[in-house]
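Below: one structure, written as structure tokens.
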Amino acid sequence: MIKRNRRLRERKEIRDLVRETTLSVKDLIFPIFVVEGENIKEEISSLPGTYHYSIDRLEEVVEEVKSSGIRGIILFGLPEHKDSFASSAYDDNGVVQRAIRKIKELHKDLWIITDVCMCQYTNHGHCGIVEDSRIINDKSVEIIAKISVSHARAGADMIAPSDMMDGRVKAIRKALDKEGYESVSIMSYSAKYSSAFYGPFREAAHSTPQFGDRKTYQMDPGNIKEAMREIEGDIEEGADIIMVKPALSYLDIIRWAKDRFDYPIAAYSVSGEYALIKAAAEKGLVDEKAIALEMLLSIKRAGADIIITYYALQAAEWIKEDF
Ligand code: PBG
């Protein structure tokens, strides 16, 4: 007798019933880029369908997020002023801080996560303090903690450090607790690889390093065990959610993390992943909806509980239709 596996593929009804992995709007986080200035909603050329918003124009996108059913957003700020120590990143009147306050006014239930890093705010574009062309860990961590407290003071629900300095989660936790923000949580970019998939983001966020690369702090794409050490360390230091980034080329890392750690796992489907699909779809080479949903489903299947994706708004619609 042969095993007839095709019986459970006979019709959509049964396929839906036996599907092992599902994708829900509740899994998704939408990234929003906020810029200084007024009346700005400008498409980001490297990320078609994604926009720069000035604070006075945030209402529109916040409404879209609200009606989509998406629970959370992650904010990225583009400041007017850059310097060597990222001072506009911890300015209580900085672009992200004002955006948080505005969004809280517009939609108090939205879960607001902030990306905490220095690269958009430094004139050299690195994620830390630079001395003699080296990125100095502990001085950077002090600033990262300061930025986090400033975001919490503005009303952020969750802090997401993406700098990859050693010891930053511990420093952030300590600083938040000291200032009375013990309920503000940390989603750490724990296993963040030095990846060419960030290219379109750096154009979008004006954060391309002006010299060298990020290989002395972001991880080597060849490594699994190192990712496990990073994640373990972040959990010990107080991370509430751990993240793997990018997602698509790192599905194995997501699965490893899922099997080893009993913590929620976020995966960041980064700018390059989005841009590749957009470019291929524009050329008519692929079916955008089908391929985007298949990609997101595969990230879930690998073990992610949460997916950060520029497709979040579109995917929320597509999922509603029937997927
Ligand atoms: C800031 C940061 C980056 C991304 C998220 N936070 C860029 C980088 O590390 O160079 C990448 C996001 C994406 O590519 O979508 N450090």
Side-chain angles (χ1 to χ4, degrees), residues 28-34 44-52 73-79 82 86 88-89 95-96 113-122 124-130 135 137 140-141 143-144 147-148 151 156 158-165 168-169 172 186-221 230 241 243-250 266-279 292 295-296 299 304 306-313:
L28 307 176
I29 291 175
F30 185 59
I32 298 179
F33 294 91
V34 196
I44 300 170
S45 58
S46 59
L47 292 171
T50 304
Y51 298 84
H52 283 145
I73 56 162
I74 182 161
L75 285 179
F76 295 93
L78 283 83
K82 297 181 190 241
S88 54
V95 67
V96 167
I113 306 164
T114 58
D115 180 89
V116 167
C117 197
M118 291 169 65
C119 57
Q120 287 116 270
Y121 303 86
T122 51
H124 45 66
H126 275 290
C127 306
I129 293 285
V130 173
I135 290 59
N137 195 86
S140 307
V141 166
I143 296 188
I144 296 291
I147 302 170
S148 305
H151 288 180
M158 184 178 264
I159 302 298
S162 69
D163 53 288
M164 285 300 279
M165 298 299 132
R168 86 262 211 226
V169 173
I172 293 170
I186 301 174
M187 175 168 75
S188 181
Y189 287 71
S190 303
K192 177 173 177 179
Y193 287 86
S194 175
S195 169
F197 281 93
Y198 308 152
F201 172 94
R202 291 181 189 167
E203 242 185 276
H206 305 165
S207 66
T208 307
Q210 299 303 302
F211 67 90
D213 52 41
R214 303 210 202 287
K215 288 189 167 66
T216 68
Y217 41 105
Q218 299 180 349
M219 284 182 41
D220 187 314
E230 282 284 1
I241 297 177
M243 194 200 297
V244 175
K245 176 186 173 194
L248 206 50
S249 283
Y250 299 84
Y268 198 142
S269 182
V270 299
S271 55
E273 299 171 35
Y274 175 86
L276 286 179
I277 298 179
K278 281 281 174 196
M295 171 186 74
L296 294 173
I299 296 168
I306 298 167
I307 307 172
I308 304 168
T309 170
Y310 303 96
Y311 269 117
L313 275 176

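Keep in mind that what you see is a predicted model, and the values were worked out from it rather than measured. Counting starts at 1 for both ligands and their atoms, in listed order.
- Using a 4.0 Å heavy-atom cutoff, Glu273 is absent from the residues neighbouring ligand 1.
- Using a 4.0 Å cut-off between heavy atoms, Asp115 contacts ligand 1 through its side chain alone, with no backbone atom that close.
- In this structure, Lys278 is not positioned above the aromatic face of Tyr310 in the sense of NZ or CZ being under 6.0 Å from the six-membered ring centre and within 45° of the axis.
- The ligand atoms of ligand 1 that sit less than 4.0 angstrom from a heavy atom of Gln218 are 8 (C), 9 (O).
- Close approach of ligand 1 to Tyr268 (heavy-atom distance below 4.0 Å) involves ligand atoms 12 (C), 15 (O).
- By heavy-atom distance, the residue among Arg214, Gln120, Lys192 lying nearest atom 2 (C) of ligand 1 is Lys192.
- Between the side chains of Tyr189 and Asp115, at least one donor-acceptor pair of N or O atoms lies under 3.5 Å.
- Residue contacts with ligand 1 leave out Ser207, since none of its heavy atoms falls under 4.0 Å from the ligand.
- Within the 4.0 Å heavy-atom shell around ligand 1 one does not find Met164.
- When Tyr310, Tyr198, Phe201 are ranked by how near their heavy atoms come to atom 15 (O) of ligand 1, first place goes to Tyr310.
- Protein heavy atom at the shortest distance from atom 11 (C) of ligand 1 is Lys245 NZ, 2.8 Å.
- Separation of the Phe201 and Phe33 ring centroids falls under the 6.0 Å cut-off.
- With Tyr217 as the aromatic partner, Lys192 does not meet the cation-pi criteria of under 6.0 angstrom to the ring centre and within 45 degrees of the ring axis.
- When non-hydrogen atoms are compared, ligand 1 lies under 4.0 Å from the backbone of Ser162 as well as from its side chain.
- In summary, the atoms of ligand 1 found under 4.0 Å from a heavy atom of Cys119, numbered by their order in the structure, are 1 (C), 16 (N).
- Taking Phe30 as the reference, nothing meets the ring pair (Phe, Tyr, Trp, His ring centres under 6.0 Å) condition, with sequence neighbours excluded.
- For Tyr274 and Tyr311, the ring centers sit closer than 6.0 Å to each other.
- Residue Phe76 has at least one heavy-atom neighbour below 4.0 Å for each of these atoms of ligand 1: 5 (C), 6 (N).
- In terms of modelled atom types and a separation under 3.5 Å, the side chain of His52 and the main chain of Ala204 share a donor-acceptor contact.
- In terms of protein heavy-atom proximity, atom 10 (O) of ligand 1 is nearest to Arg202 NE, 2.6 Å.
- The nearest heavy-atom contact from the protein to atom 14 (O) of ligand 1 is Ser271 OG, 2.7 Å.
- Side chain of Ser140 to backbone of Gly128: no donor-acceptor contact under 3.5 angstrom is found.
- When the salt bridge (Lys or Arg N to Asp or Glu O under 4.0 Å) test is applied to Asp163, the partners found at least two apart in sequence or on another chain are Arg168.
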